[in-house]
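Read through the structure below, which is laid out as structure tokens, and then see the notes.
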Amino acid sequence: MNNQLFFTTDDQTIKQRAFEAIEQEQESIGYYALPDQDTTPIKTYAKTIDASVDTIVVIGIGGSSLGAKAVYNFLKPVKKLSRKLYFCETTDPIEISDLLTNISIEKAHFLVISKSGTTVETFAIYKYIYSLRPDACAYTFITDPNSPLEQYAKEINASVLHLPHTVGGRFSVLSTVGLLPLALCGVDIDALLKGAKAIKAEFFAQGVCNDTLLNKALFYAKHHTQYHINCLFAYSETLKYFCEWYVQLWGESLGKRQRHSASHLGLTPIGLIGPKDQHSFLQLIMEGTRDKSVTFIKIEDFEDTLTIPDITLPHLESLDTLNNLPFSKLINMQCDSVMEALKTQGDIPIDCITIPRVDEEHIGTLLFYYELLTSLVGELIDVNTYDQPGVEAGKIILKKKLQRS
Ligand code: PA5
């Protein structure tokens, strides 16, 4: 029997069992506790970084960078942040050189983040930057307790902070991994956690979002062979890196061999940004193979009054309908129109998440919503949501190749 899940009981029982499994999982999986943590140690440490530092650079990859990147880029356009935050997460030499020409290395503080403490990309970049700035005070290391990176940091007398051993890389955005870089830039990390805490409380108290999340998870699990491509269509450029974070979370957590069978299965994440992807990928969703579900994300109040001027263009008078229209209204009308068009197809599953505003609290809620949803789907499709043997396999081969070269 291949790649097929059979649900032999009724939906209510399946959802109840999945909920109970998640409740129990809280004992061993660390991310569930993160919204309730005391942020004082992180904020206190952030204050020790010299006021002359104007730039923070995260050196890390995957789960060690994508979460903070998603939150920072969500807030950056609307919030006056105290420092710039850059992410050095590639071995592409052009990108590394380009990033370094944009910053003053003497005024930067570098956060070297690696859970395992041995990731090749991270240390290739760190070695290069350290050769330019060999000063231990310019670096903070974030890693698992007792990792080789912690031992190294102690050797050079640099500061080390930990993420809990039970928090996986792609679930670490609300740990020191995400919170320290954000706090150093003036992001209100308590508000971020407040948003996560609210949805966590509602979910475990079996409030409204509990049913929504369980129904969604059950849908993805039941229909994973037909609707195995799950698009996130966000109508705001501020969510571009949230989509990247989602792609990692969903793909790396849900593409696996099943725990109790030899079958490989998985759900494929796609991140899209409206309206521009309306003019490209949308055609494939609308008329292509019926293998995609779509979740739209809208921002209810952009808190922005930018408006299309009352100008008539000769020969283009039909576009006067745009006159005096706020852009915020236009973009949401575009989203509504695409949803309506997809609905008329009748066989494309869609849903919509509305974020009230662009702020810390609401991105915190959205992050935790997706973490919970991922855990529920993983439970229902019978995979280990928290490991990543496929990613590890590539890392091992690269290390062997490097030994031989
Ligand atoms: O989610 C994961 O576990 C991975 O994407 C890791 O975050 C990524 O491979 C980086 O690993 P590390 O933090 O150990 O350097």
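A quick note: this is a predicted structure, and the numbers were derived from the prediction, not measured. Whatever order the structure lists ligands and atoms in, that order sets their numbers, starting from 1.
Residues Y32 and E27 bring no donor and acceptor atom of their side chains to less than 3.5 Å of each other. Counted by atom type alone, S147 and Y152 present zero donor-acceptor pairs between their side chains at under 3.5 Å.
A salt bridge is defined here as a Lys NZ or Arg NE, NH1 or NH2 lying under 4.0 Å from an Asp or Glu carboxylate O, and K216 with D351 meets this definition.
Within 4.0 Å of ligand 1, protein heavy atoms come from I61, G62, G63, S64, S114, K115, S116, T119, G169, R170, Q248, E252, Q388, K395.
Residues meeting the salt bridge (charged side-chain N to carboxylate O under 4.0 Å, His left out) test with E379, sequence neighbours left out: R259. Judged as a ring-ring contact (aromatic ring centres under 6.0 Å, His included), and not counting sequence neighbours, the contacts of F19 are F203.
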Let me have the donor-acceptor pairs involving side chains of residues 390-400, under 3.5 Å, with sequence neighbours excluded, atom names and distances please.
from	atom 1	to	atom 2	distance (Å)
E392	OE2	Q388	NE2	3.1
K395	NZ	T119	OG1	3.4
K399	NZ	T118	O	3.2
K399	NZ	T118	OG1	3.4

